[in-house]
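Not measured: the values here are computed from a predicted model. Atoms considered below: every heavy atom in the structure, side chains included; atoms not considered: hydrogens, waters and symmetry mates. One is the number of the first residue; the rest follow in order along the sequence.
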Amino acid sequence: MFELPKLPYGFADLEPNYDAATVELHYSKHHATYTANLNKAAEAAGLQGKSVEEILRNLSDAPAEQRTALTNHGGGYFNHNFFWESLSPKGKKLADSTLAGAKVGGATAADGLAAAIDSKWGSFEKFAEAFTAKALGHFGSGWVWLVVNAKGELEITDTHDQVSPITLGLKPLIVIDVWEHAYYLKYRNVRADWIKAWFNIANWEKAEERFLQG
Ligand SMILES: [Fe+2]
């Protein structure tokens with residue numbers, strides 16, 4: 001049985017960037033519903049006992065008539081677990097890269113995530129501009145991720161609806177939810193303000209931990 005994981009903070013702890021009412025609704029209704037529906041889909045597909053990552057990585061092995069439900073609810077479950085872990089009250093920043101741009105294009109994982117971001121985009125600010133542009137430009141419901149791609153390189157990518165990067169063979173590091181349910185109560189139609197707020201509460205220490213896990 002998949003269970004709704006405990007939030008790593010209280011509903012109000014991400015204020016004022018992420019309001020308590022949205023966090024509670026997003027977690028207690030949206031995420032909880034994905035969890036319940038994943039349990040139904042996993043049972044119907046005979047996949048009880050598998051981890052959600054195993055299910056998402058091997059969707060093509062699941063019975064054809066359950067694949068859509070597993071994509072939607074398995075992705076909805078995994079993506080939201082990942083999203084809550086991507087946030088932290090007040091946010092957690094990366095230490096400044098010690099490479100200071102001297103090694104553009106040449107940073108290795110051992111240099112850390114700040115160096116890898118500098119190496120790819122030139123600076124964290126330029127990365128943030130590119131990430132923001134992707135999140136603003138995503139049409140409809142979905143997610144914008146920083147991932148490590150199959151070539152081992154950092155990449156900003158978006159997925160639609162509840163498609164998970166796990167299914168696409170990508171290793172996610174951090175994510176913003178750009179479904180309207182993620183921000184509409186407080187930010188209305190102004191997704192740009194939600195993205196700005198997300199940067200104030202993004203947990204880059206967690207992203208780096210994932211990056212260094214190899
Ligand atoms: Fe969501």
Side-chain angles (χ1 to χ4, degrees), residues 2 4-5 8 26-27 30-31 33-35 37-38 41-42 45 47 50-62 66-88 92 94 109 112-114 116-117 119-121 124 127-128 130-183 191 194-195 198-199 201-214:
F2 294 100
L4 185 62
H26 198 175
Y27 172 78
H30 293 275
H31 194 176
T33 301
Y34 287 118
T35 308
N37 287 336
L38 170 60
L47 293 171
K50 300 274 186 202
S51 71
V52 70
E53 288 89 347
E54 281 178 288
I55 292 174
L56 292 172
R57 205 171 281 129
N58 303 298
L59 270 181
S60 52
D61 297 340
Q66 293 302 329
R67 271 179 223 154
T68 300
L70 291 168
T71 299
N72 291 343
H73 306 303
Y77 177 72
F78 174 89
N79 296 345
H80 282 97
N81 293 354
F82 200 94
F83 171 70
W84 298 122
E85 287 186 350
S86 294
L87 302 177
S88 174
K92 287 188 179 170
L94 292 170
L113 183 55
I117 287 173
S119 179
K120 174 89 183 188
W121 286 280
F124 187 86
F127 156 77
F131 190 88
T132 297
K134 189 69 136 181
L136 269 178
H138 180 90
F139 186 77
S141 298
W143 304 80
V144 175
W145 310 79
L146 174 65
V147 301
V148 179
N149 66 21
K151 288 188 267 180
E153 294 168 359
L154 291 181
E155 186 182 317
I156 298 167
T157 195
D158 55 348
T159 59
H160 285 274
D161 299 329
Q162 292 299 357
V163 172
S164 172
I166 299 296
T167 304
L168 306 175
L170 301 166
K171 176 180 160 169
L173 302 181
I174 200 164
V175 72
I176 182 170
D177 189 340
V178 294
W179 281 62
E180 285 183 344
H181 72 229
Y183 63 87
R191 189 187 287 177
W194 160 230
I195 299 165
W198 178 90
F199 271 99
I201 49 174
N203 188 344
W204 290 100
E205 281 180 14
K206 185 73 188 171
E208 175 151 59
E209 188 187 309
R210 289 165 170 150
F211 181 65
L212 297 176
Q213 269 166 4

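Ring pair His80/His26 is perpendicular by interplanar angle, where above 60° counts as perpendicular and below 30° as parallel. Aromatic ring orientation, Phe127 versus Phe124: tilted (interplanar angle from 30° to 60°).
Between Trp198 and Phe131, the distance separating the two ring centers is shorter than 6.0 angstrom.
If you take CD1 on Ile117 and CD1 on Ile156, they are separated by 8.5 Å, rounding to the nearest 0.5 Å. Note that CG of Leu87 and CD1 of Ile201 are 4.5 Å apart. Values are rounded to the nearest 0.5 Å. Interatomic distance, Leu59 CG to Leu47 CG, rounded to the nearest 0.5 Å: 9.0 Å. Considering CG of Leu170 and CH2 of Trp145, their distance stands at 10.0 Å, rounded to 0.5 Å. Between the CZ atom in Phe82 and the CZ atom in Arg210 there is a gap of 3.5 Å [rounded to 0.5 Å].
Side-chain contact between Asp177 and Asn79 is absent, with no heavy-atom pair separated by less than 4.5 Å. For the pair Thr159 and Thr167, the minimum side-chain heavy-atom distance is 4.5 Å or more.
Here Lys206 pairs with Glu209 under the salt bridge (charged side-chain N to carboxylate O under 4.0 Å, His left out) rule; sequence neighbours left out. The side-chain contact (heavy atoms from CB on, under 4.5 Å) search around Pro5 returns His31, Tyr77, Asn81, not counting sequence neighbours.
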**OP:** Evaluate the side chain to side chain contact (heavy atoms under 4.5 Å, CB included) criterion for residues Lys92 and Trp204: first the C-alpha distance (whole Å), next the side-chain angles of each, then the deciding distance (0.1 Å), finally the verdict.
**Re:** CA-CA 5 Å; Lys92 287 188 179 170; Trp204 290 100; 5.6 Å; no

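Judged by distance alone, the side chains of Trp143 and Gln162 do bring a donor and an acceptor atom under 3.5 Å apart.
Between the side chain of Asp161 and the backbone N or O of Val163, no donor-acceptor pair lies under 3.5 Å.
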